[in-house]
A.B. asks: 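First, the structure itself, so that you have it in front of you.
Proteins get letters first, then strands, A, B, ... in listed order; numbering begins at 1 in each.
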Amino acid sequence: MTGSPRGGRPPPGPGGYLDRSWDCPILHVDMDAFFASVALRDRPDLRDVPAAVGGGHRGVVLSANYAARAYGVRGGMSGARAQRLCPQLVSVPGDHAAFSTVSSALRDIFRRVTPLVEMASLDEAFLDVRGATRRLGSPRAIAELVRATVHDEQGITCSAGVAPTVSVAKIASRRAKPDGVLVVPPEEVVGFLHALDVEELYGVGTATATRLRRAGLRTVRQLAHAPLEELRAAVGPGAAHQLQVLAWGRDRSELHERRGPQEPDRSMGAQRTFARDLTEREDVLRELLALAAKVTRRLRAGGVAGRTVVLTVRYADFTTLTRSRALAEPTDVTQEVYAAATALLDALRREERGRPGRRGALRLVGVRVEGLLPSARVHRQRVLGEREHGWSDADRAMDRATSRFGAGVVRPAALLPGADGRAGRRSGDAPA
DNA sequence: TCTGGGGTCCTAGGACCC
DNA sequence: TCTGGGGTCCTAGGACCC
């Protein structure tokens with residue numbers, strides 16, 4: 001499709017193009033069944049056997065290999081359903097450290113091609129290859145080079161989409177799967193998009209797709225030609241504009257380099273679905289403490305502190321609520337986050353009390369800390385010797401012990417087995 | 001089809017301040 | 001005293017992605 005005469009050239013100006021490789025500057029590279037591929041790399045015996053990472057009681061499949069996909073097993077599906085579809089499905093545990101290691105190696109491979117890399121997640125990235133064509137050839141040739149390098153060095157396959165914009169490249173790589181390349185040159189963008197159903201657009205999920213369908217818009221072509229007023233009525237003004245931008249392939253082609261160390265994550269959180277719904281406050285509090293400890297450990301490891309604590313609660317009927325509270329100052333202290341989460345939980349219980357059809361048993365609780373700042377920028381205004389310093393010191397002592405002896409050797413007394421006579425049971429399955 | 005866990009971004013109303 | 005508008009923060013919820 002794209003001819004690729006070599007030769008560097010400034011970005012296309014009003015004078016038009018001679019070198020077509022400028023037209024498709026964006027490469028989207030996406031690993032095929034990433035978590036399953038990495039987990040199964042060293043298991044040739046499972047190569048052609050249906051296998052999945054994750055699943056289990058109340059769990060979902062994180063990723064399935066293509067043998068399992070042939071049975072209809074998909075990532076995001078409940079473990080129970082996957083087993084029903086494919087009774088011989090083999091479940092393997094995920095290895096988060098391995099996923100991170102491979103992800104870093106992938107980033108290095110991409111950076112060898114171009115410095116303009118936007119990592120979209122652990123296993124996918126956008127590459128601006130405008131400046132690499134003189135050295136490496138056409139965007140298609142670069143895509144094949146990246147795929148071959150990933151395969152040689154990491155032993156997994158990936159697919160690539162090549163297009164003038166980020167969203168079109170993303171859709172193209174999805175349609176190139178598995179182990180393929182799809183190039184969509186500018187003159188084919190509109191035709192390519194307009195043949196799709198609306199849910200294939202990047203950013204259109206089930207909720208938006210349902211609204212569009214209700215408005216009689218099933219294809220991207222219909223969406224592109226829908227009167228703006230009609231679209232606004234269906235999805236709201238902001239989304240309406242954005243959808244038509246996407247439907248005509250006019251989204252961005254500039255990449256945002258991922259946040260570096262100088263710009264921390266915006267939030268960190270942890271949540272947990274229980275093997276059995278919880279009804280006792282003490283049980284819930286113990287989970288909250290464990291979650292607060294987990295989140296603040298990550299905050300401290302990342303050198304950040306946050307000012308807003310968010311509690312998430314999911315009832316047995318799947319109703320999910322969040323309540324949040326801004327603290328006076330950012331914190332990374334377990335006991336402060338735990339105290340805020342507890343206060344939010346108790347306030348919620350008071351809200352619930354006396355309300356008809358109260359929901360009672362909890363299926364899940366979560367703790368998230370938002371508004372993160374580098375800890376160095378947090379000047380604690382406390383008077384020296386105030387109690388929180390004690391808690392903070394305790395946290396840091398725990399961090400040191402944990403890094404020396406491994407997770408779980410030191411934990412708050414309330415989390416010790418048998419601390420309240422309930423034998424500290426850990427509900428739920430092992431983390432994937 | 002009985003639905004995980006980690007995130008990001010957007011919207012919208014109300015409080016509060018200037 | 002009344003009124004208007006803008007900006008920012010807080011809170012809750014929703015949608016989406018991998």
Side-chain angles (χ1 to χ4, degrees), chain A residues 28 30-36 52-63 72-85 94 96 99-100 103 119-125 166-167 170-171 173-174 199 201-212 235-243 246 256 258-259 263-275 277 291 294-295 298 302 307-328 340 344 347-348 351 363-372 427-432:
Chain A
H28 181 253
D30 196 358
M31 302 306 116
D32 300 326
F34 178 65
F35 298 106
V53 178
H57 181 58
R58 281 193 165 182
V60 299
V61 172
L62 187 56
S63 177
V73 177
R74 298 281 183 276
M77 175 180 285
S78 74
R81 181 159 180 234
Q83 286 291 339
R84 225 176 299 130
L85 287 169
H96 214 90
F99 299 151
S100 298
S103 183
M119 288 299 287
S121 71
L122 278 183
D123 77 315
E124 61 177 299
V166 160
S167 131
K170 168 84 190 174
I171 297 168
S173 74
R174 197 189 293 155
E199 43 267 272
L201 286 180
Y202 189 49
V204 174
T206 51
T208 306
T210 302
R211 279 186 216 158
L212 291 174
V235 299
H241 174 255
Q242 181 59 19
L243 284 174
L246 291 176
H256 308 314
R258 281 311 276 177
R259 283 190 289 282
E263 201 183 342
D265 289 340
R266 304 205 189 277
S267 69
M268 286 188 192
Q271 60 181 50
R272 200 166 128 77
T273 297
F274 315 123
D277 299 338
L291 291 168
K294 182 176 180 182
V295 171
R298 287 175 51 212
R307 213 162 83 76
T308 304
V309 176
V310 186
L311 171 76
T312 301
V313 152
R314 177 169 295 156
Y315 295 95
D317 69 356
F318 225 75
T319 307
T320 307
L321 301 179
T322 64
R323 291 292 182 271
S324 62
R325 166 170 301 193
L327 307 177
L344 288 165
L348 200 51
E351 258 181 68
R363 178 191 178 90
L364 165 152
V365 294
V367 174
R368 173 162 294 277
V369 178
E370 299 182 343
L372 304 190
S427 41
D429 47 18

A.B. asks: How long is the gap from OH on A:Y202 to NE2 on A:H28, to the nearest 0.5 Å?
C.D. replies: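 Reported to 0.5 Å precision, the distance equals 6.5 Å.
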
A.B. asks: Tell me whether the OP1 or OP2 atom of B:dG6 has a side-chain N or O from A:S267 closer than 4.0 Å.
C.D. replies: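 No, no such contact exists.
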
A.B. asks: Both distances below 3.5 Å, Watson-Crick or wobble geometry, any strand: find the nucleotide opposite C:dC18.
C.D. replies: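 With both distances under 3.5 Å, C:dC18 matches B:dG5.
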
A.B. asks: What distance do A:L291 atom CG and A:R368 atom CZ have between them, rounded to the nearest 0.5 Å?
C.D. replies: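 One finds 11.5 Å between CG of A:L291 and CZ of A:R368.
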
A.B. asks: Produce a footprint string for nucleotides 11-18 of chain C: one letter per nucleotide, 5' end first; B if the base is under 4.0 Å from any protein heavy atom, S if only the sugar-phosphate is, - if neither.
C.D. replies: SSS-SSSS

A.B. asks: Toward the 5' end of DNA chain B, which comes first, A:A239 or A:G76, by nearest nucleotide?
C.D. replies: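 Checking each residue's closest nucleotide, the 5'-ward one belongs to A:G76.
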
A.B. asks: Ignoring backbone atoms, test whether A:K294 places a side-chain nitrogen or oxygen under 4.0 Å from the OP1 or OP2 oxygen of B:dG5.
C.D. replies: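 For B:dG5, OP1/OP2 do not have a side-chain N/O of A:K294 under 4.0 Å.
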
A.B. asks: If the cut-off is 4.0 Å, is A:R266 near the phosphate of B:dC9, judged by side-chain N/O to OP1 or OP2?
C.D. replies: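 Answer yes for this pair, as a side-chain N or O of A:R266 is under 4.0 Å from OP1 or OP2.
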
A.B. asks: Taking atom C1' in both C:dG4 and B:dC17, what distance in whole Å separates the two?
C.D. replies: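 C:dG4 and B:dC17 have their C1' atoms separated by 14 Å.
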
A.B. asks: Please enumerate all protein N or O atoms sitting under 3.5 Å from an N or O of nucleotides 1-3 of chain B, with distances to 0.1 Å.
C.D. replies:
| residue | atom | partner | partner atom | Å |
| --- | --- | --- | --- | --- |
| B:dC2 | OP1 | A:R84 | NH1 | 3.1 |
| B:dC2 | OP1 | A:R84 | NH2 | 2.1 |
| B:dC2 | OP2 | A:R84 | NH1 | 3.0 |
| B:dC2 | OP2 | A:R84 | NH2 | 3.4 |

A.B. asks: Give one of base, sugar-phosphate or nothing for A:M77, where a contact means two heavy atoms less than 4.0 Å apart.
C.D. replies: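 A:M77: no heavy atom of the nucleic acid under 4.0 Å.
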
A.B. asks: Closer than 3.5 angstrom, by distance alone: can the side chain of A:T210 be matched with the main-chain N or O of A:T206 as a donor-acceptor pair?
C.D. replies: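 Confirmed, A:T210 side chain pairs with A:T206 backbone.
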
A.B. asks: Check for a donor-acceptor pair, side chain of A:R325 on one end and backbone N or O of A:V309 on the other, with a separation under 3.5 Å.
C.D. replies: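 Absent.
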
A.B. asks: Given that both distances must come in under 3.5 Å, which nucleotide forms a Watson-Crick or G-U wobble pair with C:dG13?
C.D. replies: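 Its partner is B:dC10.
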
A.B. asks: In plain terms, say whether A:D277 and A:R314 are close enough for a salt bridge, that is, a side-chain N and a carboxylate O under 4.0 Å apart.
C.D. replies: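 Between A:R314 and A:D277 there is no salt bridge, as every charged N stays at least 4.0 Å from the carboxylate O atoms.
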
A.B. asks: Any side-chain to backbone donor/acceptor pair from A:S267 onto A:E370? Under 3.5 Å, distance only.
C.D. replies: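 A pair under 3.5 Å: no.
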
A.B. asks: Would the distance check show the side chain of A:S63 and the main-chain N or O of A:V61 forming a donor-acceptor pair, the cut-off being under 3.5 Å?
C.D. replies: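 Looks like no, no N/O pair under 3.5 Å.
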
A.B. asks: Ignoring hydrogens, what is the shortest heavy-atom contact between A:S167 and A:L246? Give both atom names and the distance.
C.D. replies: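 Minimum heavy-atom contact is OG-CD2, 3.6 Å.
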
A.B. asks: Starting the side chain at C-beta, find the nucleotide from B:dG5, C:dC9, B:dT8 nearest to A:Q271.
C.D. replies: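 Nucleotide nearest to A:Q271's side chain: B:dG5.
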
A.B. asks: Keeping the roles fixed (side chain from A:T208, backbone from A:G205), state whether a donor-acceptor pair exists under 3.5 Å.
C.D. replies: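 No, the answer is negative, given that no donor and acceptor are paired below the 3.5 Å cut-off.
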
